[in-house]
Amino acid sequence: MRGINTFETYKAIIERVASEEHKPDAVIATGDLVQDETRQGYERFKNVIQKLNVPVHCIPGNHDSPRIMAEILNKPPFQFCGSTVYENWCIIMLNTAVRWDDGGGLESSQLEILERTLKAHPEHHTLIGMHHHPIPMGSRWLDGLGLRNSDDLFTIIDQHTQVKAITWGHVHQASDRERKGVRMISTPSTGPQFLPDSDTFIMDTKPPGYRWLNLFPDGSIETELIWLS
Ligand SMILES: [Fe+2]
């Protein structure tokens, strides 16, 4: 992508994670895992990340093929969308990909899954993962490509106080804000980054990166960004 070999930077990120002193309990992969919608692309993604030997929660982005993803990444350690409980935390991964639209949307089936899961786990602190940003990033071109029905999302979220954070990809930049007590966190790309607060598409000079999320039993979250030098 624009002069960066995203498969090489992806491999470098996974090697970095594998070399960390503290191993992750799981990986949240927030979409746009492959841009050419090929079976081989997902096989490559799979072969590299399964070396971490931890669950990998995957959701599609606007550049993915949800159909091929669901076929290739639906057996452990991979989970395509859906929810998982880790001790007193629940992770809910929502599909916001819309065919022929780089912006996102939550279909009624996804909203139903969200509401049903939140009602089933009222005592579990909850982290929600999705591809598209549900709040504006302050970047005009990107904000035309966010989640188009975030009102539907927040109508549900606002009724369930166990939701502690929403995290997403898509925007190729880090941010960490709050909305009504819920952390709103974007994560940088394992490839190139986009310049924040820009009205038009401009590449940032920041290197590939990823984000640690430490989910504590009391519902608090610590997070740290790691940039590849
Ligand atoms: Fe995207």
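Residue numbers count from 1 along this sequence. Counting starts at 1 for both ligands and their atoms, following the listed order. FYI, side chains are in, hydrogens and waters are out, and symmetry mates aren't considered; it's all heavy atoms of this structure.
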| request: Could you pull out the atom name of the N/O/S atom in D32 that is nearest the Fe ion (ligand 1)? | output: OD2
| query | How is the N/O/S atom of H170 that comes nearest to the Fe ion (ligand 1) named? | reply | ND1
| Could R179 and D158 be called an ion pair, given the rule that one side-chain N must be under 4.0 Å from one carboxylate O? | yes
| message | Looking at K11 and E15, is there a salt bridge between them, counting it only when a charged N and a carboxylate O are closer than 4.0 Å? | response | no
| query | CG of L142 to CD of Q173: how many Å apart, nearest 0.5 Å? | reply | 6.0 Å
When you measure from the Fe ion (ligand 1) to the N, O or S atoms of [X], does any of those distances fall below 2.8 Å?
X    : result
H131 : yes
H63  : no
D102 : no

| Near-ring test H133/F194, centroid separation under 6.0 angstrom | no
| field | Close side-chain approach of I166 to M130, heavy-atom, < 4.5 Å | value | yes
